[in-house]
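In what follows, a single structure is set out as structure tokens and then discussed.
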Amino acid sequence: SDELESWIQEKLQTYSNEDFKDVTNLQSKKQKHQALELEVTAHLETLNALDSTGEEMITQQHYAAEIIRGILDELHALWEKLMAMFREKSRLLNLTLDFVQYLRRVDEILFWIREKETLVTSEEFG
């Protein structure tokens with residue numbers, strides 16, 4: 001559980017520093033996010049295994065049942081915090097990608113308007 005807790009803490013710190021509203025290096029941010037998604041999936045299996053083992057020990061009235069419960073509760077609290085941050089960063093990344101696509105479409109229409117404006121204001125009609 002210490003290994004999983006350390007991983008979660010590391011991801012929380014790393015991910016909290018990432019600014020997805022900044023459009024620079026957007027592709028790199030998207031790739032990092034996808035890589036984290038794969039890591040999260042892999043570590044979810046670890047969390048589930050720890051849950052199963054811990055709950056079994058608690059059910060069997062292990063002498064450290066209270067400590068085990070505390071560990072599981074702490075792991076789940078950290079996991080939920082990580083998942084909340086992951087969902088928010090995912091939302092912000094998608095909003096930023098939408099914004100960049102919107103700006104590209106705006107640039108395209110502005111270019112088209114200027115092009116047509118030049119034709120309309122031209123002295124040549126032939």
request  = Start with the C-alpha gap between Lys81 and Met85, add the side-chain angles, then the distance that decides, and say whether side chain to side chain contact (heavy atoms under 4.5 Å, CB included) holds.
outcome  = CA-CA 6 Å; Lys81 187 175 179 181; Met85 185 178 289; 5.5 Å; no
ask   = Residues in side-chain hydrogen bond (donor to acceptor under 3.5 Å, both in side chains) with Glu55, at least two apart?
value = Arg69
Let me have the donor-acceptor pairs involving side chains of residues 101-119, under 3.5 Å, with sequence neighbours excluded, atom names and distances please.
residue	atom	partner	partner atom	Å
Thr118	OG1	Arg114	O	2.8

task = Verify side chain to side chain contact (heavy atoms under 4.5 Å, CB included) between Glu66 and Ile58, making sure each step is shown before the conclusion.
result = CA-CA 8 Å; Glu66 286 183 35; Ile58 292 168; over 6 Å; no
message = Quick check for you: to the nearest 0.5 Å, what is the distance between Asn94 atom CG and Lys89 atom NZ?
response = 13.5 Å
message = According to side-chain hydrogen bond (donor to acceptor under 3.5 Å, both in side chains), who are the partners of Trp79, at least two apart in sequence or on a separate chain?
response = none
remark   = In this structure, CG of Leu36 is separated from OG1 of Thr41 (nearest 0.5 Å) by 9.0 Å
ask   = So, for Leu78 and Gln9, which heavy atoms are closest and what is the spacing to 0.1 Å?
value = CD2-NE2, 3.4 Å
ask   = Does one hydrophobic cluster hold both Leu75 and Leu82, with members joined at side-chain heavy-atom distances below 4.5 Å?
value = yes
inquiry  = According to ring pair (Phe, Tyr, Trp, His ring centres under 6.0 Å), does anything in residues 40-67 pair up with another residue at least two apart or in another chain? List the pairs.
reply    = Trp7-His43
key: Interatomic distance, Glu5 atom CD to Ile71 atom CD1 [nearest 0.5 angstrom]   = 8.5 Å
task = Step through the shown structure and confirm whether more than 12 heavy atoms of other residues, nucleotides or ligands are within 6.0 Å of CG on Leu44.
result = yes
inquiry  = Membership question, hydrophobic clusters at under 4.5 Å side-chain separation (ILVMFWY): are Ile67 and Met57 in the same one?
reply    = no
remark   = Across all chains, not counting sequence neighbours, the side-chain hydrogen bond (donor to acceptor under 3.5 Å, both in side chains) partners of Asp51 are His76
ask   = Which heavy atom in Leu50 sits nearest to a heavy atom in Leu72, and how many Å separate them?
value = O-CD2, 3.8 Å
request  = Provide the closest heavy-atom pair for Lys29 versus Leu93 in the form atom of the first, atom of the second, distance.
outcome  = O-CD2, 4.4 Å
With Glu88 via side-chain contact (heavy atoms from CB on, under 4.5 Å) - residues at least two apart = Arg91, Leu92
